[in-house]
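Predicted model only: the values in this text are computed from it and were never measured.
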Amino acid sequence: MRNAEVARVFRDIAAYLDMDDVPFKPRAYEKAAQAIESHDRPLDAVYRAGGVKALREIPGIGTSMAEKLEELITTGKCKLREEYHHRMPVDLAALTALEGVGPKAVKVLYERLGVRTLADLEAAARAGKVRDLPHFGEKSEQKILKALAFVQTSGQRTPLAVVRPVIDELAAALARVPGVARVEVAGSIRRRKETVGDADLLALARTAEAAIAAFAQLPAVARVLGQGDTKCSVKLQDGLQVDVRVVPEESFGAALLY
DNA sequence: GGGCAAATACTG
DNA sequence: CAGTAT
DNA sequence: GCCC
């Protein structure tokens, strides 16, 4: 079982806990999911090499989560998650991915309308059933419809493995531009998401304009989508969209977090 | 044991 | 204003 | 739940 899948299980648990207003645990599970997702080594390998103890070395993973990880790695399942899912068999990943839809909303949608999937939700929203729900209204329903349309169109994302070498090379090229002191890959690539919609680069330079201008003229750039004083968005020859932002020394660290 | 991110924007 | 989501 |  891949790290991303394990992380998904933990995220589901976090969402289920959130629905019941359980304090703090959800954050703990989310933090763990994040740590797992961005861990460079496959967890099953970590487990084979060092057992539960090795899993516990990962920050955010304590006794309880290490046990659940062991269960997931050896059996492929997680009892706790299955119990929750049995009580509420919803596609949490997809539903929760919708902007404006969180655990609480999923719960209400399921309990009152039996919504389990995106298709269910779309049908309900189109039928005007969502607006009458507690905590929802006309606006909420419209927002959901909009979010639904968005995920359906912006579907094509690129696997990280494909983007990685391309973006690394581009980053190196940018780093060679005179005046550019440092370049880091940011965004979803830095966070090691499975797939990326676009790439984000962060550059450190004294004169942002010059760096931006030079970047826009790199050979790999097919066309410039937008260009400002400190940032620039381009489409590469291979179709990948790249956003670059140039910041001064003092904000580099903070900017990297985003 | 006791604390755990903070701030903001919507919506009802 | 309070609750919820980001 | 995790961490200190």
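- Taking the six-membered ring for Trp and thresholds of 30 and 60 degrees, A:Tyr29 and A:Phe10 have ring planes more than 60 degrees apart, a perpendicular arrangement.
- Note: CG (A:Asp20) to P (D:dG1) measures 13 Å, nearest angstrom.
- If you take CE on A:Met1 and OG1 on A:Thr75, they are separated by 8.0 Å, rounding to the nearest 0.5 Å.
- Distance, A:Glu141 CD to B:dC10 P: 19 Å, rounded to whole Å.
- At a threshold of 4.0 angstrom between heavy atoms, the contacts of A:Val101 are confined to the sugar-phosphate backbone, with no base atom among them.
- For the salt bridge (charged side-chain N to carboxylate O under 4.0 Å, His left out) criterion with A:Asp18, the lone passing option out of A:Arg11, A:Lys104, A:Lys107, A:Arg27 is A:Arg27.
- If you check every strand for non-hydrogen atoms under 4.0 Å, A:Glu138 touches sugar and phosphate atoms only.
- Taking the P atom of each, B:dC4 and C:dT6 are spaced 24 Å apart, rounded to whole Å.
- If you check every strand for non-hydrogen atoms under 4.0 Å, A:Ala32 touches nothing.
- Salt-bridge formation is detected for the pair A:Arg190/A:Glu184: a Lys NZ or Arg NE/NH1/NH2 atom is positioned less than 4.0 Å from an Asp or Glu carboxylate oxygen.
- Taken to the nearest 0.5 Å, the CD atom of A:Gln142 stands 6.0 Å off from the CD atom of A:Glu138.
- Per the geometry, CZ belonging to A:Phe136 stands 18 Å off P belonging to B:dC10, to the nearest Å.
- Across D:dC3 and B:dA5, the matching C1' atoms stand 15 Å from one another, rounded to whole Å.
- Annotation: the span from A:Leu121 atom CG to A:Leu98 atom CG amounts to 6.5 Å, rounded to 0.5 Å.
- Between A:Leu17 atom CG and D:dC2 atom C1' there is a gap of 14 Å when expressed in whole angstrom units.
- OP1 or OP2 of B:dG12 has at least one side-chain nitrogen or oxygen of A:Ser140 nearer than 4.0 Å.
- A straight line from CD of A:Glu67 to P of D:dC2 spans 9 Å, rounded to a whole angstrom.
- Going from atom CZ of A:Arg27 over to atom P of B:dA5 covers 9 Å, rounded to whole Å.
- Nucleic acid contact class of A:Pro26 (heavy atoms, under 4.0 Å, all strands): none.
- The interatomic distance linking A:Arg11 (CZ) with D:dG1 (P) rounds to 18 Å, in whole Å.
- Between the OH atom of A:Tyr29 and the P atom of D:dG1 there is a distance of 4 Å, rounded to whole Å.
- Using a 4.0 Å heavy-atom distance criterion, A:Leu133 is classed as making no nucleic acid contact.
- A nucleotide of DNA chain C counts as in contact with chain A when one of its atoms lies under 4.0 Å from a heavy atom; the first and last such, 5' to 3', are C:dT4 to C:dT6.
- If you check the side chains of A:Thr230 and A:Arg245, you find no donor sitting under 3.5 Å from an acceptor.
- Heavy atoms of A:Phe24 sit under 4.0 angstrom from at least one base atom.
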